[in-house]
Amino acid sequence: MGDVNGSGNSKYGVGAPMASRNPFLDQLEAVDVSDDPYMSSPYSATEENASPYSGSASDPDPYASSSPQIQNIAQAQSTTYPGSTQLPTYNTHSTLATGLDSYQPYYYPSSYDQFADENVYDISDVSLAGHGRPKLPPQSGVSGFYGRMKQRLGFGPKYSEMDLPLTDTRSQAPMGTTDGRNAFVTDPYDSYKETEPSREFDIRNIFNKLLRRKRVDSTTKGPRIIYLNDAPSNSGNGYLDNHISTTKYNVATFLPKFLFEQFSKYANLFFLFTCIIQQVPNVSPTNRWTTILTLGIVLSVSAVKESIEDLKRRNADNDLNNAPVLVLNNGVFETRKWVNVSVGDIVRVESEESIPADMILLASSEPEGLCYIETANLDGETNLKIKQALPETATLVSPAELSRLKGRIKSEQPNSSLYTYEGTIMMETLGNEKEVPLNPDQLLLRGATLRNTPWVHGVVVFTGHETKLMRNATAAPIKRTAVEHMVNLQIIFLFAILITLAVISAAGNVLKTTLASQTLSYLYLAGTNKLGLFFSDLLTNWVLFSNLVPISLFVTVEIVKYYQAFLISSDLDMYYAATDTPTICRTSSLVEELGQVEYIFSDKTGTLTRNVMEFKQCSIAGICYGDEISEDKRATEIDGQMVGIFDFRTLLDNLDSHPTKEVIHEFLTLIATCHTVIPERKPDDDQIKYQAASPDEGALVEGAAKLGYRFTTRRPKSITINELGTNAEYELLNICEFNSTRKRMSAIFRCPDGRIRLYCKGADTVILERLSPGNPYVEATMQHLEEYAGDGLRTLCLAMRAISDAEYAEWSAIYDRAATTVTNRSEELDKAADLIEKDLFLLGATAIEDKLQDGVPDTIHTLQTAGIKIWVLTGDRQETAINIGLSCKLLSEDMSLLVVNEESKEDAQNNIKNKLSAIKGQSAETQLLDTLALIIDGRSLGFALEKDLEKDFLDLAVMCKAVICCRVSPLQKALVVKLVKKHLNAILLAIGDGANDVSMIQAAHIGVGISGMEGMQAARSADVSIGQFKYLRKLLLVHGAWSYQRLSKVILYSFYKNITLYMTQFWYVFQNAFSGQVIYESWTITFYNVFFTVAPPFVLGVFDQFINARLLDRYPQLYQLGQKGTFFNVRSFWAWILNGFYHSIILYVGAELTYRNSLKDTDGLVAGHWVWGTALYTACILTVLGKAALITNMWTKYTVISIPGSFLFWLIFFPIYGTVAPMVNVSIEFYGVLPHLYSSLPFWAMCLILPMLCLIRDFTWKYARRMYFPKSYHHVQEIQKYNIADYRPRMEQFQKAIRKVRQVQRMRKQRGFAFSQADEGQSRIIRAYDTSQGRGRFGEMKTLHSK
């Protein structure tokens, strides 16, 4: 914590606009935020670090608030943002690796967990205060019985609800250490203790329960024994094979899983019960097979759809399982499929290939067994990780040497911890067995990619679903949409109505037969049991009114969703030609939720950015140079001075004759020498490939090479660069390494001219305070840094100083003593570096672009305009995340950043609560909430996700326009999603491209995967996969809005049309003495939903557009219609139901009045009941088809075929069916009906008048609402219809200009510095290389293996 009486500058001064301050911001600034450079002025002058340009510490800040609160809390802190700290080799809660004979797990398995390695745990079930699972209140009634049965069959709440299991809870770091993401772990019982076994559905669970089998805890078996070059011994241990599966079903689970999912829909349960009733003799008033046949068709269509979608997942899995890899066999490497890799196999992985299984690194092509891997697919970090083989195995470079390797490995059991590993390798040499401990430095994880290393050899320890990657994944969940949930709920109310109607009819029959027994004597009802008659009639009327719930609804919805998914997948606007990647909608059941998303949780690396760095611009001696310069920014002469950006050609010209040529030379020399890059040259090619642990450094070195300063050779004590065609060797004396505390790196060289120079590069905040007085280029460089920050570029300041031999000798002795210190070595080295890194001369600054995916800024801005809040969850550093947030427009320059970066839970709690209370105290000023952004790191997030703090954290987060969580683990990503889903009634979408995003993707309501550079794991596990982040814009704003509106209309219309027809049957019971007599013939009732009204819902659901794609994209605010549930809600549902009641009454009464005196035909015969029923049926069909025409927004040829065509089809179908069916003893009720029907004038009059009487109210209401009570989309529909010009671009240009002016007025901006490699250890690594030497026979570096 800093001194509260330090600098008077505002902690938020850097984040606030230059304009007049608001008391609300003043109150926020009074919140104590420790270790936060973004909340304090980075250039505030103190007694300890005064900058020559900052003035005295007592000078007033013209931009700071005069609030006394701010003066009291302003702090001058030496801030650090720890990077990826090196994990300890062994866990404090496990035995030493050499003592694995008494193996104990480093986690705390529950006594209830008897099969831990196959379980997936729900973190939400873990009590943070105690050690047990919170007891749930007992449930009673049908829901309680249903829930208990699901539990007993293994369908736990994680399966039946969308609150998904996340991962194995044993995956965390030991107590008192960091978890690899700087999230400090206190008591493992508090956060990660396992409770009950997983309730996720598994067919084996059912068999084990039925057979009373007890599960075995794999952790009690002791360590896993793996024999080297002994496949038979390893195969006898029963290890899993290397296949992976992300499918929802398999042969054994398809039927129970599918039936459970289908019969969790109350409508299907209802119709199943109806089918059973129909089989009872003398109960059903209709044919006994009508409902069961229809239900069978519904289930079959759903089964086919589910099978097709799951087959796509299986095919994607097969592509990965069949990928090739080199495996050692009989002394030679042979190509095998990934699926055929087994535990104990020795595998060769070559550069740019993915690791096929978790394996122990034996040897590599690099010195000392080093190799570089990229783990962005696992943890989201872009910097390369360095792994190193044991010295005892690093020389095994040839297949012959590998095949002679004998011994065994004692390994820990499979678990999901990405950052820990314990084991030993026992190698047999000359009859003796040497035991060497293994640690995470030797573990290469499946999913990681080998970079900058020609090849590695490794022995496989975990395969398939036992790998750490798959242990962090979850089974494909069953997700149900909010619309489905509401439909299920409303169906329950329809059940209540149905039962009420059935009770009324049954009671009416009992009363009628009791009160009118004399007039009904011909029915021989004397002595009938009234109670038995009541229940018999109840079942009869249940069947009679069962079609109030449309049995075809769900199959209609399934097919409509499938076609909507097909249209999404076929959209060429969302096809990424560069990688031949179309959009694929893998889970069609979620398409309508694409139109209701309120929160997006996004990964950064590979999702928002390309993970490609490019050297764009630089400032040298106060002159700005750039690569590609737009015309409006090119250097021009104004008032006798050159203003603007010069191109790199001018830089090369200035290197020859300009007064600043010496500064340019030193600048280019610095970026070509002061780094940790390794040059790699192919034997037959002069091209050099730079191996960089940090992509930023690689971009700088490549930029220097393009400008003529080419880095060519690295030796342990020198480097060589080609300066404009001349080789120059620089003797490397010392390296002061980068770390997140220093934020800089220095290298000391003896240059070719014999002088000693120190070259230093780092963040501007640390370089500027170490400059000597009187630097001439500070002001101009600062101005350029502001411009770079405004463009979202990552910046570094470059400085140097010449050192005398005497000064260097004195300092070198101090440095050597610090390097040999046993305790606090890092701190002593930092102190020694501070002694030499002073009085620097500022050369300039560099600007690197972390290239965004195409269209990311516009996409994020548009989605925010649509009312969607975007949270970025990334494993990158805080500075990097903020910088990307600025460049992609997630953050804007006028936002105030609320940073939570604390070391302890108490500090984090105070920070969050203080900020929350400050915001709530100014709740009236809601417009200011759009200027707030929350930044929280992984350590503080770990505290914030605990039970007692999670609600405060969530309340603070939802008040902010944007949230960025940095340094987060895959588990924390999913926990954040689950937290929001638990407490907010909102639809969540998660998007990512790496395996580290899978848990987050599956925890959200909708998961979107990007088929990107980080592999296909996220895309395979997601509900929708896209090629670029920018396609999310059309996916949500257009396809999502269409799908939601279409599905809403389909569902409402389907209920309406059934109510309209089948409620006429209820009105009829008052005239048929409640006898259960039907109006319509049985098969005709079934054909109503199967043939005559089936087409309109499909056409409305697939082709209708309430607004076209262009205007939906142009007016993103329309997306809020879905967020607010405008088209489908309880009110609209019951409005449609009541409208169906209204139409049924008009139709029934009208038909009754029409045929009261019109049943006598011209031939003197009476037409009869079935003629009247068929006429009423025809009027109903025409009415519901007319309603479909009234709600159609866009008429196509398919609309014409489905609406008028359906009625014509009935008029043609009935004469044929009514004639043929009675002849074959089917539908004999139609015998003789046709001649009396079509020749009857009342029939045609009724068909013309009754639909008009029904629909006149609907038409009037539609007209009145559009004309006098229009909604937002009505206005846009008018714009679309009349093609009205849109003048908004002028306003947007004006607003853009205003933002630009405010940006220029800002005194300081947030800037991220371009460092992303590991904190320490670089010096040892680069001194191990001598690239002047060639490689050996097997591609190994001779510097190591020739010794």
Side-chain angles (χ1 to χ4, degrees), residues 564 567-568 571-574 591-592 594-598 855 857-868 889 1030-1050 1052-1053 1099-1129 1132 1187-1200 1203 1258-1299:
Q564 287 176 348
L567 293 176
I568 291 174
D571 192 340
L572 292 179
D573 289 340
M574 297 193 296
V591 289
E592 75 271 22
L594 292 171
Q596 298 176 279
V597 174
E598 294 185 49
D858 289 341
T859 300
I860 288 180
H861 176 70
T862 303
L863 293 177
Q864 287 180 328
T865 306
I868 300 174
K889 293 186 179 180
K1030 64 180 179 181
Y1031 299 146
L1032 197 62
R1033 176 174 175 171
K1034 187 172 186 181
L1035 180 67
L1036 298 185
L1037 301 187
V1038 178
H1039 288 288
W1042 279 347
S1043 297
Y1044 167 69
Q1045 191 267 346
R1046 290 166 176 171
L1047 258 297
S1048 300
K1049 190 177 291 185
V1050 166
L1052 295 173
Y1053 177 76
V1099 173
L1100 288 172
V1102 175
F1103 299 106
D1104 194 49
Q1105 294 181 8
F1106 74 112
I1107 295 174
N1108 63 31
R1110 182 182 66 85
L1111 291 179
L1112 282 174
D1113 183 78
R1114 187 70 187 86
Y1115 298 96
Q1117 296 87 348
L1118 292 172
Y1119 188 78
Q1120 297 177 19
L1121 295 170
Q1123 293 175 333
K1124 298 174 182 177
T1126 302
F1127 297 117
F1128 189 82
N1129 50 54
S1132 63
K1187 179 65 174 178
L1190 202 58
I1191 63 175
T1192 297
N1193 293 297
M1194 187 176 74
W1195 282 79
T1196 65
K1197 60 182 179 182
Y1198 302 104
T1199 314
V1200 175
I1203 297 178
D1258 300 67
F1259 180 82
T1260 303
W1261 168 244
K1262 182 176 182 179
Y1263 174 83
R1265 189 176 63 168
R1266 179 176 288 272
M1267 295 299 296
Y1268 303 109
F1269 311 101
K1271 292 186 178 293
S1272 58
Y1273 66 93
H1274 291 141
H1275 296 290
V1276 180
Q1277 285 176 338
E1278 296 296 316
I1279 293 175
Q1280 176 179 324
K1281 180 178 180 180
Y1282 297 106
N1283 197 23
I1284 300 174
D1286 186 0
Y1287 296 100
R1288 288 202 317 162
R1290 296 181 183 178
M1291 178 60 69
E1292 289 183 350
Q1293 291 176 3
F1294 174 74
Q1295 292 174 346
K1296 186 175 181 180
I1298 292 296
R1299 286 196 298 269

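Residue numbers run from 1 in the order of the sequence given. From a predicted model like this one, the values you see are computed outputs, not experimental measurements.
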Sub-4.5 Å side-chain heavy-atom contact between W1042 and L567:
no
Which heavy atom of Y1031 sits nearest to which heavy atom of D573, and what is that distance?
CE2-O, 3.3 Å
Nearest-0.5 Å distance that lies between atom CD1 in I860 and atom OG1 in T865
11.5 Å
Are any side-chain N or O atoms of K1262 and backbone N or O atoms of L1190, one a donor and one an acceptor, separated by less than 3.5 Å?
yes
For the residue pair P1116 and D1113, what are the closest heavy atoms and their distance?
CD-O, 3.7 Å
Taking CH2 in W1195 as the centre, count heavy atoms belonging to other residues, nucleotides or ligands within less than 6.0 Å. Is the count above 12?
yes
Keeping Q1280 on the side-chain end and N1108 on the backbone end, is there a donor-acceptor pair under 3.5 Å?
yes
Separation between CD1 of I1284 and CD of E1278, rounded to the nearest 0.5 Å:
7.0 Å
CD of E592 to CZ of F1127: how many Å apart, nearest 0.5 Å?
14.5 Å
Drop me the distance from Y1115's OH to Q1120's CD, to the nearest 0.5 angstrom.
15.0 Å
Are the side chain of Y1044 and the backbone N or O of Q1123 linked by a donor-acceptor pair below 3.5 Å?
no
Assess the residue pair L1032 and L1035 against the criterion (side-chain contact (heavy atoms from CB on, under 4.5 Å)); give the C-alpha distance rounded to whole Å, side-chain angles, the decisive distance to 0.1 Å, and a yes or no.
CA-CA 5 Å; L1032 197 62; L1035 180 67; 4.0 Å; yes
Output yes when a side-chain donor or acceptor of Y1119 lies under 3.5 Å from a complementary backbone atom of L863, and no otherwise.
no
Indicate yes or no for a side-chain donor-acceptor contact from K1049 to the backbone of L1100 under 3.5 Å, with no hydrogens or angles considered.
no
Hey, are T859 and T862 close enough side-chain-wise for a donor-acceptor pair under 3.5 Å?
no
So, does H1275 use its side chain to make a donor-acceptor pair with the main chain of S1272 at under 3.5 Å?
no
Given the rule in the side-chain contact (heavy atoms from CB on, under 4.5 Å) test, do L594 and H1039 qualify, once you have shown the distances and angles that lead to the verdict?
CA-CA 7 Å; L594 292 171; H1039 288 288; 5.5 Å; no
Closest heavy-atom pair and its distance - T1192, I1203:
OG1-CD1, 3.8 Å
If you look at every heavy atom in V597 and I868, which pair is closest and at what distance?
O-CG1, 3.6 Å
Between D858 and K1030, is there a side-chain heavy-atom distance shorter than 4.5 Å?
no
If you compare all heavy atoms of D1104 against all heavy atoms of R1046, which two are closest, and at what distance to 0.1 Å?
O-NE, 2.6 Å
dist H861:NE2 -> R1033:CZ (nearest 0.5 Å) comes out at 9.0 Å
Test your reading of the model: is there a side-chain donor-acceptor pair from Q1277 to the backbone of F1106, 3.5 Å cut-off?
yes
Can you tell me how far the NZ atom of K1124 sits from the CG atom of N1129, to the nearest 0.5 Å?
12.5 Å
Whether the side chain of N1193 engages the backbone of Q1105 through a donor-acceptor N/O pair (distance < 3.5 Å, no angle test) should be reported.
no
Main-chain N/O of V1102 paired with Q564 side-chain donor or acceptor, under 3.5 Å:
no
Determine yes or no for a side-chain-to-main-chain donor-acceptor pair under 3.5 angstrom, with S1043 supplying the side chain and G1040 the backbone.
no
